[in-house]
2 protein chains.
Amino acid sequence: MANIRPIQFPGEPLEKWLAQFMPHVSIDCVVFGFHGADLQLLLLKWKGADTWTLPGGFLGHRQSVDDAAHGVLQARTGLRRVHLRQFHAFGDLGRKEANGRRLFRKNLRDAPRRDLWLFQRVVSIGYYALVDIRKVRPTADAWTDSCAWYPAGSHPPLAYDHDRIVEGAWEALRAAIDVPGAGASLLPERFTMPELQCLHEAILGRRLDRRNFQKRMLERGGIERLQERRTGGAHRAPYLYRFTVPHAGLDF
Amino acid sequence: MANIRPIQFPGEPLEKWLAQFMPHVSIDCVVFGFHGADLQLLLLKWKGADTWTLPGGFLGHRQSVDDAAHGVLQARTGLRRVHLRQFHAFGDLGRKEANGRRLFRKNLRDAPRRDLWLFQRVVSIGYYALVDIRKVRPTADAWTDSCAWYPAGSHPPLAYDHDRIVEGAWEALRAAIDVPGAGASLLPERFTMPELQCLHEAILGRRLDRRNFQKRMLERGGIERLQERRTGGAHRAPYLYRFTVPHAGLDF
DNA sequence: CCAAAAGTGTTGAGTCTACACCCATGC
DNA sequence: GCATGGGTGTAGACTCAACACTTTTGG
């Protein structure tokens, strides 16, 4: 992995900040975490508005798209090596760019120029990320006053076309859950089988049979049972497992 | 479908032509056709160079990414309603932009400016298209002197990262072949079961069992048997079929 | 001892694959 | 008739979902 450097808004003028990026292209990241029984989404709330968006960013001139996505993740979560997967590019008209100008305006001394590419149409490349929610330190940026987790099923409506992007990410995640090691990065290093099942149920949106699930996971490989059990809970102590393929599809 | 207008290079200067496009974003189309027993690829050969590339184009300022892809297809094939599917955005560094400047240079009176976005890094959105090869009129553009079909297994090496784009498209096509109506747009309106099987074998890269294939296709639905048979060939005349779902996933 | 959760096994339905047989057509 | 390709059926392997039983733990 090369060249991950978080880029903060360095102050006005806006033009100067924008100059370091490749114009008209952005990254949006649907960051999935897992806690309790629900999938969670990492969302940013903009200053001075009841507006939420996905964490996003732009491409440095000498930065690959994948690196830029990792940069966004590192800036908002502090994590460097996350499971990150590109799933679709969004380039429809009517992505409500004018709305964006209003959002930025509130946090600038002077009104930004109308003809900046930031306020014209931008093609956004969608990534989804799977992270261990306990390792994340949510960090807002210069434009937003909070970065926080929301239940994926009932998050506040998002600006632009970000609700559609979430839909696409979730669909891609559902399609990708069926490979060995899937979900590795959403869980802590050591986990129990019921926890893994709970994660799969959250992603798929339906209940699974406990016994068939366990069988399938073990036959498929990619996880190994440890000697220890999780003690302390009521009832029988479940075994702990860990993934032997650390991150499915994470190749660096 | 809105706003499909093929945009031709209107003559120099290059800057003027480029001004109508959203900078730094391009479309590349992997156009699959089917003839005989092989998948075919539509490729462009550049003027004054032994260089082949995929058909591509840029985004008009008021044009969605999908519309731009349809525009590319219409310009190179004459077809308006084709099965077209976005599969990945390519934005690595090292896409050999300098090479591109050399290609354009040969067909311009004056050397183009070095700082045009065309010669910097461009993020390319990859689409694959499935077309009926007999309906296509391959049409070169101002930069190329031929637009022609090549066997997908043994085409000339492509410039930039276009070989990788073809790989990705083929993989996405393999993954998508398993839905009812798949391949509808690669075949003529009426086709025989062996023809459909041949297509599937070409896409998957392996032989299939004749009997099981027929059974699966008919049980799955989406095609219907006609009264007619294909006469004229040696041996028993096969039935003709047609798709009842016209184009899988083509939604306008 | 009981309730609740966790581990393991079995059975039947449905699906996929390999293969055998018959039909049509040109030579 | 016979070689070749096309249409249909069947038996076995395999997969997957439904379900029963046992074990462990806290109260």
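Chain identifiers are assigned alphabetically (A, B, ...) following the order of the sequence lines, protein sequences preceding nucleic acid strands; residue numbering begins at 1 within each chain. Because only heavy atoms are used, hydrogens play no part in the values below, and waters and symmetry mates are left out as well, while side chains stay in. Worth saying up front: this structure is predicted, and the values here are computed from it rather than measured.
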Atom pairs and distances, donor-acceptor, side-chain atoms in residues 25-39 of chain A, under 3.5 Å, two or more places apart:
from, atom 1, to, atom 2, distance (Å)
A:S26, OG, A:S124, OG, 3.1
A:D28, OD2, A:S124, OG, 2.5
A:D28, OD2, A:H162, NE2, 3.4

Interatomic distance, A:M217 CE vs D:dA17 P [rounded to whole Å]: 11 Å

Phosphate OP1/OP2 of C:dT8: any A:Q214 side-chain N/O under 4.0 Å: yes

Interatomic spacing from OG in B:S64 to CG in A:D92 - rounded to 0.5 Å: 5.5 Å

Closest approach of A:I203 to A:W170 (non-hydrogen atoms, all atoms of both residues): O-NE1, 3.0 Å

Per-pair distances, 0.1 Å, donor-acceptor, side chain in residues 212-222 of chain B, under 3.5 Å, sequence neighbours excluded:
from, atom 1, to, atom 2, distance (Å)
B:N212, OD1, B:K215, NZ, 3.3
B:R220, NH2, B:V179, O, 3.4

Side chain to side chain contact (heavy atoms under 4.5 Å, CB included) partner of A:Y127, chosen from A:L54, A:L73, A:V65, A:V72: A:V65

Summary of protein contacts for nucleotides 20-27 of chain D, nucleotide by nucleotide, where a base hit scores B, a sugar-phosphate-only hit scores S (4.0 Å, heavy atoms): B--BBBS-

Rounded distance (Å) that lies between atom P of C:dA5 and atom CG of A:D209: 15 Å

Using nucleotides 15-17 of chain C, report all nitrogen or oxygen pairs with the protein that are shorter than 3.5 Å.
none

Gap separating the NZ atom of B:K45 from the CH2 atom of B:W52, nearest 0.5 angstrom: 6.0 Å

CG on B:L186 to CZ on B:F191, rounded to 0.5 Å: 11.5 Å

Results of salt bridge (Lys or Arg N to Asp or Glu O under 4.0 Å) for B:R242 - residues two or more places apart only: B:E224

Atom-pair distance (CZ on A:R225; P on C:dA6), nearest Å: 13 Å

Interface residues of residues 187-205 of chain A with DNA chain D (non-hydrogen, below 4.0 angstrom): none

Sugar-phosphate only, base, or nothing, as touched by A:R230 at under 4.0 Å among non-hydrogen atoms: nothing

Sole candidate of A:E189, A:M193, A:E195 that passes side chain to side chain contact (heavy atoms under 4.5 Å, CB included) when paired with A:Y241: A:M193

Parallel, tilted or perpendicular: ring planes of A:Y128 versus A:H83, cut at 30 and 60 degrees: tilted

Value in whole Å for how far the P atom of C:dA5 lies from CZ of A:R207: 11 Å

Check: B:I125 main-chain N/O paired with B:Q86 side-chain donor or acceptor under 3.5 Å: no

